[in-house]
Structure formats: structure tokens, C-alpha cells
Amino acid sequence: MAHKAGPMNRPLWTPGVLVMLVFMFAGALAIIARFTGGIGYVTNLTHARPWGIWVGIDVATGVALAAGGFTTAALAHIFGRHYYEPVTRPALLTAVLGYTFVVIGLLVDIGRSWAIWKPMFNWNLNSVLFEVAMCVMIYLTVLYIEFLPIVAEQFKGRMNLPGILSKLNSLVDTILQIADRILGKVMWIFIILGVVLSCMHQSSLGSLMLVAPTKLHPLWYTPILPLLFLTSAIAVGYPMVVFETTLATSAFKLDSEMHILAPLTRFTIYLLGAYMVLKIGDMLVRGTWVYLLEGTTQTNAFIVEVLFGVMLPWAMLLFQRVRQSAKGLFFAAALIVGGVVLNRINVFIVGFKPPLSENGYFPAVSEILVTLGLIATLMFIYRVTVTWLPVLQASKEVRS
Amino acid sequence: MQITRRHFFRFMGAAGASVAVRPASAHAWQTKAPPDPFGCLVDLTRCVGCRKCEEACAEVNGLPEPERVNCQCTIFEKNRRPDETAFTVINRYYTGKVDAFDKPVPTYAKVQCMHCQDPVCVSACIVGALTKEDTGAVRYDVTKCIGCRYCMVACPFEIPAYEYFDPVTPRVMKCTFCQERIKETGGLPGCAAICPTETITFGRRETLLAVAKKRLKENPGIYIQHVYGEKEVGGTAWMYISSVPFETVNLPELPDAPAPKLSETIQHSLFSYLWFPVLLFGVLGAFMARCNKGDHKATSPDKGGA
Amino acid sequence: MIKKMGGIVCLMILWAAVCTAQVWQAPDQEQAKERAKEVVPFVKEYQDDCRISRRICLMDAGVSLDDVKEVYFLLDNPIIKQREDHYEPVRFAHKRHAALVNDCSKCHHFRPKDENALETTRCSACHQDSFNPDHPERIGLKAAFHQQCMECHQEEAKGPVDCTGCHLPHVPDHKELVKLPDKPDPIQVTKACLECHDTQGEDMLKTAHWLWRGPSPYTTGHRKDILHGKGTTALNNF
Amino acid sequence: MPKKDVDLKHVAQNVGHSSRATCGACHFNGGGGDAIKHADMSRQLLTPDRNCDIHMGGYDFDCAECHKTRNHQIAGKSSSVPVAEGVVSCEKCHSDTPHYSGGLLDHHLNDHSRTLACNVCHAPVFAKCKPTKTWWDWSKAGDKNREVKKDKYGQPDYNWKKGEFKWEESGVPDYTWYAGYMDRVLMGDKVDLNADVINLTNPVGSIHDPLSKITAFKIMKGIQAVDADHDYILVPHLFPKDKDDATAFWKHRDWEKAFQAGMKEVGLPYSGAYKWKETWMYWRVNHEVMPAEMALSCVQCHESLKGDQTCNRCHQDNRDIDFKAIAHKGTDFSYMKSMGRDVDHLIEKTDYINFKALGYKGDPIIHGGRFKKLPMGYKAPAD
């Protein structure tokens, strides 16, 4: 194995990072407002529309886009394609951060944030949300465990806490050593567990909306919604890796990883294809295509989602020329990511139409600021992490 | 929407049923409705729109007094929904009926929690803060609630409301069926007790169903021959009979299948005894063992996680 | 001494006043109150015949206004009050209704099955407690009154159909509701009232009793004016 | 502002519906004292005798049960002041055909309802519970030395502040046609100084108008000042505003100053010359409705029914019916007299209503009603 991941050790305070800080600050203000004035104070949510972008984007989309973590792990570690290992670490980091922010987003969104631990003791086994919550909770733990070796690798034998904490150096170091050793032996359990948990809750996120047959537009409401969520999550995994790796490599001016990314997207043709077949097949079987030309926001959103988020990128990937070009690949990946994002937004927001108290929903500015702030924080931490921890493929010299 | 959704509801029901039978390990979905619940029958032909029920409800449940409770002048101009300050509201609908002088005849319709037989909110609630009681009431326990509002997403009647402006301890607010009152012998919900015209009839659901059917049978020209809530979403404790189509008074057309049936069937098919995750774990483990044969340090620590 | 005497005399007068106030009774009203307290035995079975047959039956029996012995009722039955008691009793001019409607079967729609029973019986004989599980279709007394009265008033476009057209609500005890310091000034009191009764406060400011002027629709030459009244233009000779 | 010693907290904590006492606190005392102004309202109505007022005394009605309120606007039109916020009428409760005793008279009585206001028969005397003022001569006011005499009711005939009075108890009302509207002299309206009497309020109605009804009024008669040049009623300044008031009549007993100040207050010029004129005000008799059995009997108005021939002039009924008894049934003034009322003069009276004054040729039984001439076969006596 020729590659070796290492810290970037690049200057942190670039203009892009400063922009992120501005969004983080604005988001923080909005969150303070939410915890002083209540959810109603910062959002446009109503009794009929209890879930907005905090659930639709922060949670549902966050979970979907973090799918890169388990899909690459499955590929590289379970199915033994070690060639793809260089992308597992950034994908893992994205997953760790993604899920962490799903939880933070939930803390903002649920009304009684301080009671978030209650599902651990009050089980409702009928509740889809309970299953999702349990999976996310356990999976987040698994992700941290999987991430621990990276921390250990960086600080093992090099613990240097400042000031009074320096006395703990040796203790922490010992813990890291032991953890690293034990984890090495059992890591396979966590890797498989991660994949299993992901399959469970990625699909269950789709089941969430199955309780509302009269509210979700028939174009999306289907008994196979969980299957669609699972397949789309699996399909978006590699494109998401492509997407973020391309962004990261171009941001840090690293070598493009085309030699890994291009073959990776060959899997996507099958995965996305399977999703596409299911989605369109479902539409045909249930006869919901009759709605397509209704011309409402919802049907238009569906058309955009399927056409530009699924069919177009799938067709693009069929061409080797696209797969080989960094730009083409990035564009196709971005379309797929966008398609899944739009799908989650459609299912949770656009397609959700309470028939009795019809009132439109558009997120309030402060509501958007919270979401943007969370995303900016996520990116900032990603940036900080890759700067100091061995996540990304280190520079050329190391690799050669 | 030009295309009726009923067709799709049927499809859902069939799909849910087929999912239910397929996995051998899963039990067929069974209703969890209490054996002999209380209910209320709302006869819209009797309601005069006095809004006494709103007033009584507010008093019994310690809610703020309804707006302009003694004056029905302008309140009916807007279509109201129950919210965090009112568990029940009366709306006025002009459905096209006219009296002998060609004056439009109003129909008043009460809205409150329907206390479904198999409530989807109860099924949805992550912590079981909502429960279906033996009385028939769907009870909310604030001490368990985490404020996720999934019940509100789930409810086909759009009933649960939320204290959006409480930053730390918001509650889900909905009709309690005056659970504490009806538990006692002879106890009545506040609204039923005060209703001057007995628009609301309180009693055992079975009895009420018989009463409703008797009224429909004896006055075929007056009533629509349908008891709303007998079968809708698997049946509701609160039922309506009316002389105007139910859609015209904002009672939605709903499938007969209990709302939680599909999601619960899927959940239990896949996750009872965690058979599916365990199976998946085994399969993946086998794959991992096979694919990494010879590669003796497949999961060496320096690889980092997945 | 004289002062003391004066005091005693005053006390006596006061006492006498209190006594007479207690002694005074409106005779017809007292009689109706007594009658309203009666609870008659519940009629379990009734004869479910068509209203037309009922009417003809009554007419054939020669039931007429002369048979209406009870001229005036106070609808204040304990059956109603045992559940909720929010309203003051309704005055019901029985004989006047009988004279106007001229069809007893309009209200006395069924009769007890017992052949020895009277042709017409009280509402409260058949309609008692609501939601009686043994008679689920039988509506309670309160609902029977309301359905009967309002339906007919609406049909005939005569008589009140609103709540206060027939009865006044009980005024809730304000002892606990009114939060005032001892010896409040009038402004404080007004504020306290307006805290709950703000619309009523607004209403009050528009009334003739407050403004001492108002519309004069029954004064020739000034029928559209709104400014006449004691506070402005009214004249008198006393 | 309320009096200092009123415990407002206690008041606020005991709010409730209005009662006869709350309304009566002002309305029973109109004109400066109990029963002075209104012919038919006095503190007697707080605890009235059944015979004095059947509604309040028999059935314990509160004012607001008839004077229904909407948004605090209280229904009822006053005779004395122009303002009205809704109407109260007997018919609203009793309907246009209020007689349903089942007796032979119902038909005739309901017929009468189209021509007579209910109170013509049902409240045949005003001030039956307490004497009321019927004459008030302001021009005599100011004589602090004049000896005050008590009349037969024990009421004073003079008060230096107010002038000379006459009182009446159980008075016979004046009857006139009334369609619900009043002519009124309002502040600044020109009046005819040459007329014998100026009517400050004057019922509008006519025998020829089907909607006009014969209605009972108490006429409040008096003498008051008119501006001799401007021809309008003068408003004197009576109550002293404070200690330093230099113009109030009740302090200085100077009409000139009182008029000057009074007219300045209302914003009308005062010429300096005033004249005393007799003015009348019509006050409708609305309350103190007596029980049905005490209504006027037929014969009390229709002298034609007094003799042996009554209804049987037209009805040749061979049933055993005592027409005479029917025609005479009604208020027994001797009974009222025995209860201490001053109704001596009304016993045996058979011309209760002066038909000729109302525009009839005479007793309508003989001469025909206002729209229907009954072909009785009697030749009307020449006028």
C-alpha cells in the first residue's frame, strides 16, 4: 500500500474559513434566539407543519450524505477492495461530523432538548423514529470508535497537553495505546456493525413518512419508500466521496485522486441504476405518473429530482469520457448529491401537504441561518481536523 | 388535485398487507384498540354554533377563555384549527344548502382530537408519551415527551398543536377527552356536558355506533348515510354524522386502514427479534472473512476505521 | 343619650328594612320556583306514534286551551342543574305558547305507553339525565329544551334563538377573580375590570348611558341625528 | 368619581347582573326625587305589590329582562329625551294577539290591540303606588319665606328652590294617538310665544293612521322661562358649582344671573329678557302594569254597554251567557280604593276614554270604529 494519510499542516485562516466563521456566528445568534424565544420565534413552523428544514435538511439530508462513510467502508474493508482505502478516512470523517451535526441539529429542533436522553429509557418499539434514534445513537458511537485510531495515530506517544493538564499526558497516552491495541483486534465488528446500522436507519428514515399517507404527495408516498431511501443513500455514498474529495483536493491543491475516484463511480452506475429502476418502476406500478403533468410545485420538484438528480447523472456516468474527466465526474457527482438532497427535502418538506390546514411553508431567515451555521461549523471542523489529523492523503513526496 | 387519492389509499393497504404476510417471522398486524372504549357522537345537524363547548373545554383544561365567547359575530369568518390555546373549535361552513328564503344555511362543525382506535400518534411517538387508554382517550404524558413533533406529522386530522413559543418546556397540546373526568362513573367530557343541544352524545363507542346507525336509518332524507369515524383510519372514538358531505366541513377523506398499520408492519417484519440486522451482520461478516482471506491484516489498526 | 337613641332607632329601621326585603316575594315566581323543583318519575316506555296521529288524538280528545292549567313555568329542574349550572332559569309562558302554537303535539310529541297516563306529560318525565346508557337515544332534559325551543323559534322566525335571549348566565363569583389592594382608587378598579372585560369597556364608551347622548330615531325631524340627549340638546320643564 | 366612603373593592368583588335597585338608583329618582318625574316608576318597584306591577311584583322581573341590552346598549325609548337604543314593546313578548284566556272576549280584545296600546286598559291609572308631580311652576321659585303646605298625600306644595307643585296619585292618564314618534323642542328650537301652551314633547299620531294607537300619557305641566327675543327655552344655572359660584339660582335666587350663566354654558345667546310660559311634556305610561283581571272593563269606556243591553245588541245568543257580567268584568276601583289608593273619583266612571277628543264621533260601538263602520242598524245621533 503506497498511500499514507497525514495531517495537512496548512494555514487555517483562509478567506473561505472566515466566511464560514461569519455564518457560524449568525447561526449561533439564531440558536440563542431559538433557546430564548422558542422555536416559533425563529421558524415559520405551524401546527400543521411541524417539521421544516431543520429536520428536512439538517437531519434527513445530513444522514443521507454521510452515507459515504458506510459505503466506502463496506467496499474497502468488507468486500476487500483495499485499493479504495485512501478515501475511507475522509468519508469516515464526513460521517462522524455529519452524524454529530445531525444530533446537534436535533437538539435545536426538538422542543425539549434537555430530554433527548429519554428515548433510551422510554422505548416505543412501534415507533419508526425510535428505531432511527437508537440506530443513529449507536452508529454515532461506532463512528467515534472507528475514528479513535486516527486520533491515536496522531497523538500516540506524543501527548503534550498544555499547562496543568500536562500531568495527564502519560495517562491519556496509555489509554490511547491500549485502545489502539484492543481496537485493532475488534475493529471488524464495528465496521460491520456500522454498515448494518446504516442500512437500518437509512431505510427507516424513509419509513418515517409512511405514517402520513394523506399528507405526503402520492408521487413520494409509496410502501417502498424505505427501500428507496436505502438505495438512494447507498447510491449517493460514492458520489458524495467524489464530491467532497474533489472539493478537498482542490482546496488544498493536492493531487487529484482520479485514479481512485474514476473506478469508484463505476459502482455508482449500478447502484444509482438500481435506485432509478425502483423509483421509476414504483411510479409506473402505482400509476402515480398521472400526477406528473399537474404543474404544481410538488410535481415539478419531483420531475427535477428524477430528471436532473437521477437520470441525467446516471446517463453521464455511462460515458467513460465523463468518468475520466475530473470536471465531468465532479459535475455528475454533484448532480447525484443534489438529487438526493432534493429528494429528502421533497419528502420532508415540499411533498408534505397537510390537506386540512393548507398553509405554505418557507423557512424563516433565522431558520435558514441555523442550518447554514451548522453546515459552516461542520465544514470548519472538517477543515480543522484535516489540518491536524491524518485524514487526507498526504502530499506527493510522502506517497512516492 | 384532480385525481382522487382514494385509489392510492387502497393500493397502500394492499401493499401493507402483502408486506405483512411475506416474512414468516413477522406476526400479522393486530389492532391494539381497547375492548370497550368510550366515544362521542357528534351530530352536525344539531349543532347551533354556540361555542359553549369551546368555553367549557377551556375551563375544564385551564386554557385561556376563547375569543369573543358570547358573540358569534365575526369569529366564524375565519376557519380556525385547534391550537395550543384551544383543544376544540367550532367552524361554520356554508355548503350550498339554502333555506326556504334562499338564505344559505350554515353547518357548524366541531374539531378536536378524534381519539383514534389505533392512533398513529401513539404509534409514532418515540418515547411513548402518547398512549391509548382503556377509556378510549389518547393521553399525552408531558414527562416523557421530548418535543420532536412526530405525532403532529403523523396525525391525519392535524390535531396536535405545539407550544412553539416556549423555548425550553414546550408541550404538545390536544384534546384530553377529559380523561380524568370520564374515568369516574357518570363523568362527562366538558364539552359534552355543556352542549345545550346534545350535539355531542357521550357513551360507549359500540352504543354510539348503534345510535348513529339508528338515526341514519330513521331519517334517511336528512343524513348522509355514513358514520364518519366508524372505519376511517381503523375507527375513531369520536364519530360524526351529518347532513352535508363530510369533506365540505373539513373532515378529510381517509383510508379505512389503520394509519400505523403499514409502518408498524414494516418495522416489525424487519426488526422483530432483530432477525434482519443479525442476518445482515452474519452475511457481511462472511463476506468480509472471504474477501480478506490471505490478507491477514485486513483490519490493521493503522487503516483507521471505515 | 339622644345620640344613642338615634343610633338605636337607625338600627331598628335598618333591621326592619332588611326584614321587609327578605319577606318580600313575588307570588307567581315563588309558586313557579316550587313547581320547578319537582322531579317526576321517569317514563321508561313511550308510545312512538306519528306526530300527526298524536295531534289528531289530542284534538279528538278535545284538549283545548281551557285544559292548560299551568300558565307559567320556570325551567329550573334539578336534573339540569346537577351537571352544569351556568345559567339562570328560563321563564316559560306555557299557556301563551299553547295559545300561539295551538297544537299541543308540537311539543308533547309522544305519550307514555302506560294507558292510564295523561295524554300530555311534562318534558322532564321522559327527558331526564343525558347519556343514560339504558336509553342511549333519549336526549337529556337540557337538550330536549334547547332542541325544542330553538328549532321551533327558528322555524317560526319568532322568539329568541341566542343564549341570552332566554336566560342570563350566572355571574361567576368575583371574590377570587378581582385582585385589588384594600381601598383602591377608582382608576385601579376600572383597570382591574378592563383586564378581563376590555371589549365590554369599549362597548360601554359608545353607549348613551355613558355619553348622555345618542341616536334619536323616534324624534321627528331628527331621526338620523346621533347627538341628542340629556348631555346636549334635551329640554325639560322640571 | 364615587363617594369617598364607598368600598370599591367590595363593589368590584360583588359585581353581578343589574337589578331593579341598580337601574332604579337613578331612574326611580328622576326629577330630583322618588317618583317625581316618571308617572309609573318609583322606589315602590323595589318590592312592589303584585297588583301594583304584575311583571315586577308578580314575577320578579328585573329591568334588563325587558330592556334587553346589546353591547351595553340598553333597549328602550324614553318619552322625555330623544335618545333611544332599541325598543321595548309589550308585543315582543305578548304578541299581536295577546288575549288567549279562551273566553268569549278574546276576539274583541285582540281587535282592540290594533287600536289601543296595552297600557290603556292594563295600566288605567298612573302613579298608583306613589304620588307623582304633575304641575311645576318655576316662576314662583325663590321665596324662602313662603309657607310650605302639605297636600292630601302629604306632599309639599312649594320649595323655594323649585317653585310650586301639584301632585297626583292614581291619576287618569291623558289619551292621544301615538305612532311611536315624538315632536320635540330641543335646545335652541324656536317656540311660539303666543301659544297658550308650549309642548316640549308631543306624541305624533293620527286616528287615520293604522299604525297609530291610542296611548296613555301623563302630562307633566309647568311654567318655565323663555327668551322673549330669541324665542327659545332658557336654561337656568341652578346648582352652585362651588363655594365661589356667583350666579347659581339656588345660591343667589336671581333668575337673570342664572339664565345668563346657564345659556353661556350651553353656548346660546341670551337676550336679557325672559318670559314665563306654560309648557307641557308628554310622558308615556309604560310600567305598573296591573294583573289581567284588573284591566279596564268594557263598560268603563263604552257607555253604550252600561245598560241592560250589552253584547246582545249584536249577538243573539241563546246560550246561557251573562253578557252583562262579561262587559263589566275588569278593574274594581272600589277594591283599589280599599287598598288605600285615591281612586274614589273613578268608581262607576264610564267615560274613561274621551272618544270625541280622540277624533271619534262618539262611542265606536254606536258610531263605528275608525276604519270600519259597523252596520248596527242604529242611526248615529247628529253631532
Side-chain angles (χ1 to χ4, degrees), chain B residues 36 38-41 43 45-53 55-56 59-60 64-65 67-74 99-101 103 105-106 181-182 185-215 217-218, chain C residues 48 50-51 75 79-87 90 109-110 123 127-157 160-172 177 195-200 202-203:
Chain B
D36 190 16
F38 285 113
C40 278
L41 177 67
D43 188 337
T45 64
R46 289 183 178 178
C47 182
V48 294
C50 69
R51 295 174 62 228
K52 286 287 140 205
C53 48
E55 194 184 14
E59 200 188 310
V60 171
E65 189 178 303
E67 186 193 344
R68 288 206 156 255
V69 74
N70 290 321
C71 158
Q72 269 44 281
C73 23
T74 55
D99 65 8
F101 308 100
K103 246 177 71 186
V105 179
R181 280 163 63 117
I182 63 173
T185 340
L188 293 177
C191 52
I194 200 148
C195 179
T197 57
E198 237 165 82
T199 298
I200 308 162
T201 310
F202 174 81
R204 295 283 171 190
R205 185 172 184 271
E206 284 310 307
T207 319
L208 295 178
L209 209 47
V211 167
K213 287 186 171 158
K214 186 160 174 253
R215 274 190 222 166
K217 196 174 148 220
E218 285 174 359
Chain C
D48 185 358
C50 183
R51 224 200 82 199
L75 308 184
I79 296 170
I80 297 180
K81 294 208 287 190
Q82 76 187 22
R83 285 235 191 266
E84 316 274 330
D85 190 15
H86 294 302
Y87 284 88
V90 173
H109 48 167
F110 295 139
C123 307
H127 301 281
Q128 297 199 339
D129 204 7
S130 38
F131 318 126
N132 181 345
D134 300 328
H135 301 272
E137 187 49 8
R138 194 87 67 86
I139 60 174
L141 185 57
K142 182 172 68 172
F145 281 146
H146 282 108
Q147 280 192 16
Q148 192 68 48
C149 298
M150 293 172 78
E151 216 161 87
C152 196
H153 286 184
Q154 241 151 12
E155 227 168 76
E156 303 291 323
V161 286
D162 56 328
C163 307
T164 51
C166 293
H167 41 59
L168 288 172
H170 286 310
V171 178
L177 295 173
E195 255 168 43
C196 298
H197 304 286
D198 54 338
T199 40
Q200 286 79 356
E202 297 274 331
D203 287 345

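Chain identifiers are assigned alphabetically (A, B, ...) following the order of the sequence lines, protein sequences preceding nucleic acid strands; residue numbering begins at 1 within each chain.
One finds the SG atom of Cys123(C) at 7.5 Å from the CG atom of Leu75(C) (value rounded to the nearest 0.5 Å). Within the model, atoms CZ of Phe131(C) and SG of Cys40(B) stand 7.0 Å from one another, a figure rounded to the nearest 0.5 Å. Atom CG of Asp203(C) and atom CG of Asp198(C) lie 9.5 Å apart (nearest 0.5 Å). Between the CD1 atom in Ile200(B) and the SG atom in Cys47(B) there is a gap of 8.0 Å [rounded to 0.5 Å]. Distance check, rounded to the nearest 0.5 Å: CG of Asn132(C) to CZ of Arg138(C) gives 8.5 Å. The line from NE2 of His146(C) to CD1 of Ile139(C) is 11.0 Å long, rounded to the nearest 0.5 Å.
Electrostatic pairing of Glu137(C) and Arg215(B) counts as a salt bridge here, judged by a charged N lying under 4.0 Å from a carboxylate O.
In this structure, the side chains of Pro160(C) and Cys166(C) come closer than 4.5 Å at one or more pairs of heavy atoms. For the pair Gln82(C) and Asp129(C), the minimum side-chain heavy-atom distance is below 4.5 Å.
The choice from Pro136(C), Pro169(C), Cys196(C), Ala144(C) that makes the most heavy-atom pairs within less than 4.5 Å of chain B is Pro136(C). Heavy-atom pairs under 4.5 Å with chain C peak, among Glu65(B), Lys52(B), Lys214(B), at Lys52(B).
In this structure, chain C has heavy atoms under 4.5 Å from both the backbone and the side chain of Ala192(B). Contacts of Glu67(B) with chain C are absent, with no heavy-atom separation under 4.5 Å from either backbone or side chain. Using a 4.5 Å cut-off between heavy atoms, Ser130(C) touches chain B through backbone and side chain atoms alike.
Side chain of Lys142(C) to main chain of Glu198(B): no donor-acceptor pair is present (N/O by atom type, distance under 3.5 Å, no hydrogens or angles).
Aromatic ring orientation, Tyr87(C) versus His167(C): tilted (interplanar angle from 30° to 60°).
Across all their heavy atoms, Gly187(B) and Phe202(B) have their closest contact at O-CE2, 3.6 Å.
Close approach to chain C, defined as a heavy atom under 4.5 Å from one of its heavy atoms, is seen in Thr207(B), Val211(B) of residues 203-213 of chain B, taken by number. For residues 147-157 of chain C, a heavy-atom distance under 4.5 Å to chain B picks out Gln147(C), Met150(C), given by residue number.
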